[in-house]
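Only heavy atoms go into these numbers, but all of them, side chains included; no hydrogens, no water, no symmetry mates. The chains referred to below are lettered A, B, ... by the order of the sequence lines, with proteins before strands, and numbering in each begins at 1.
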Amino acid sequence: MSATSINIINDLESRGLVSQMTSGDELKTFLSRSRTLYSGFDPTAESLHIGNLVPLLALRRFQLAGHTPIALVGGATGLIGDPSFKAAERQLNASDVVEGWVERLKGQVSQFLEFDGGANSAIVVNNLDWVKGVSVLDFLRDVGKHFSVNAMIQKDSVKQRLEREGAGISFTEFSYMILQSYDFAELYDRYGCTLQIGGSDQWGNITGGIDLARRMYKAQVYGLTIPLVTKADGQKFGKTETGTIWLDAAKTSPYTFYQFWLNAADADVYTYLKYFTFLDVATIHDIEVADMAERGKPQAQSILAREVTRLVHGAEGLAAAERISRALFTGDTNTLSREDCEQLKLDGLPNTLLIGGRKNIVEALVETGLASSNKMAREFIANTAVAVNGACVDSPDFDLRIEASLFGRYAIIKRGKKMFHLVCFGA
RNA sequence: GGAGGGGUUCCCGAGUGGCUAAAGGGAUCAGACUGUAAAUCUGACGCGCGAGCUUCGGUGGUUCGAAUCCACCCCCCUCCA
């Protein structure tokens, strides 16, 4: 256990990344030595999303400060479903499906951590590895005995499910906390893991683990939670009209990902810089001061978009995202070269192959998903919200024609200010 | 097992026989204004160019006519056992 370079807690606090922690000052002292910590990610989908990014990056921050991070993928807990602050019982996912997701998530979490084999090289584990072999009787006798149901039902995380009319909670989900607690105790035993971090909704589960580690191993372990990312306007973070912003480039293209951050509200953007980038706090403060003085368009959003996109999709992904954004939002689409058009397609701009040399615009809008129905498509046209290759469409009788396409092959349909779709004429 | 309450359009939530594609709010989308913001204003928001068609947990009835009445079924919640 070597000494660490910086005090990670102070750094996290200055970023506003600490929601709650167990015995604060003691934890700071404790972390002056290199420790092992973990955070869990349940496979609830085939990819992680940007909400998972904060604890994931926090693991990385700890690693940079000299601690050993363990990313736990919840192959077991994912089969149960965490009820914490969830309004309703969730559907169980099939075990073979969850198994597939576990593999995907393992790859994703690994991308953000360093596995150099050094002293604090990261570790990825799956809790199914130790949970699957435990018999029901052993579990109830050795683990369950340490939990008081009286205490469990006091937890805020399940309170609404117990109290609110119209809700309810199954024994399955109620048991989730015990499983997660068991993970912490197990990781303590296996790796000497002494700290668990997670979103603030995880506080109840984390403290459960701390209690269990003490009871099973007489161990003193710690917990720290990170605030849930919020939006100043009170909406749910991480969702757009198109859905969740995933980390998987196949599910959310680097371009869409980049645009998401670019559109962050002024009221949120400086917080996001602290949460989602490794820029130091002083630099972020300077950016904010400069933006204030400028009074025009702030630079924070584009810095945020660049930083996070590079972090998740690499330099290439960022370049692609910027290339598309520039092509679509500056000047008209006619300035694009033929290669640019090809590249847009490769870079993940939504695109559709159009068979035949002609297509009515209303049909095209529906087929490309830019409009949900003919009715909507007509309305967009009536509102002058549709443009093809930079020219506004003024009639629902307008046709996309191969003769009027870019390079005899492409048409870019724009709906509203921000939605673009590339149509490729094909044989 | 018993008693009670409930399932309405993306969400919340009105609506107890025709005037209801179904109030209101939220979310969303478009337009104006802007910074590819925010706030605000305007419009749209089941499907159909339209006549019209299809919706109110499911099925089947009553009726000229049902989200609204009846029967059975499914699901959820509360209390009791």
query: Which of these nucleotides, B:G43, B:U36, B:A30, is closest to any side-chain atom of A:Lys297?
result: B:U36

message: Can you list, in residue-number order, the parts of residues 298-307 of chain A that come under 4.0 Å of RNA chain B, counting heavy atoms only?
response: A:Pro298, A:Gln301

query: What about A:Asp266: does its side chain form a donor-acceptor pair under 3.5 Å with the base of B:G35?
result: yes

field: Residues A:Asp291 and A:Tyr270: side-chain donor-acceptor under 3.5 angstrom
entry: yes

task: Considering only atom C1', compute the distance from B:G17 to B:U63 and round it to an integer number of Å.
output: 9 Å

message: Rounding to an integer number of Å, can you tell me how far A:Trp261 CH2 sits from B:A37 P?
response: 18 Å

query: So which nucleotide does B:G18 pair with, by the Watson-Crick or G-U wobble rule with both distances under 3.5 Å?
result: B:C64

- prompt: So, A:Arg61 and A:Asp11, do they make that salt bridge, N to O below 4.0 Å?
  reply: no

statement: Comparing A:Lys418 with A:Val386, nearest RNA chain B nucleotide closer to 5' gives the residue A:Val386

message: Side chains of A:Thr271 and A:Asp268 only: does a donor on one sit below 3.5 Å from an acceptor on the other?
response: no

Between B:G5 and B:C64 - C1' atom distance, rounded Å: 35 Å

A:Asn127 side-chain N/O to A:Gln180 backbone N/O, donor-acceptor pair under 3.5 Å: no

- prompt: Does A:Lys414 make a side-chain N or O approach to OP1 or OP2 of B:U36 shorter than 4.0 Å?
  reply: no

message: Taking pairing as Watson-Crick or G-U wobble with both contacts under 3.5 Å, can you name the mate of B:A44, or confirm there isn't one?
response: B:U28

Rounded distance in Å - CZ (A:Arg415) to C1' (B:U28): 10 Å

Opposite nucleotide pairing with B:U78, Watson-Crick or G-U, both atom distances under 3.5 Å: B:A3

- request: Taking only the side-chain nitrogens and oxygens of A:Lys417, find out if one of them lies under 4.0 Å from OP1 or OP2 of B:U34.
  value: no

field: Selection from B:A30, B:C45, B:A44 that lies nearest to any side-chain heavy atom of A:Lys375
entry: B:C45

message: I want to confirm an ordering. Mapping A:Ser325 and A:Ser372 to their closest nucleotides on RNA chain B, which one lands closer to the 5' end?
response: A:Ser325

- prompt: Should A:Arg378 be listed as having a side-chain N or O under 4.0 Å from OP1 or OP2 of B:C49?
  reply: yes

message: Under a 3.5 Å distance rule, please check whether A:Lys251 uses its side chain to pair with a backbone N or O of A:Trp246 as donor and acceptor.
response: no

query: Using a distance-only test with no angle check, is there a side-chain donor-acceptor pair under 3.5 angstrom linking A:Asp266 and A:Gln301?
result: yes

- prompt: When you check the phosphate oxygens OP1 and OP2 of B:C47, does a side-chain N or O of A:Ser373 lie under 4.0 Å from one of them?
  reply: yes

Flag for A:Gln20-A:Ser200: side-chain donor and acceptor within less than 3.5 Å: no

- request: Could you tell me whether a side-chain N or O of A:Ser84 sits under 3.5 Å from a main-chain N or O of A:Ser157, the two making a donor and an acceptor?
  value: no

message: Strictly by Watson-Crick or wobble contacts shorter than 3.5 Å, is anything paired with B:U59, and which nucleotide is it?
response: B:A71

Nearest listed nucleotide, side chain of A:Glu379, among B:A30, B:G43, B:G48: B:G43

- request: Taking atom P in both B:G60 and B:A67, compute the distance separating them and give it to the nearest angstrom.
  value: 15 Å

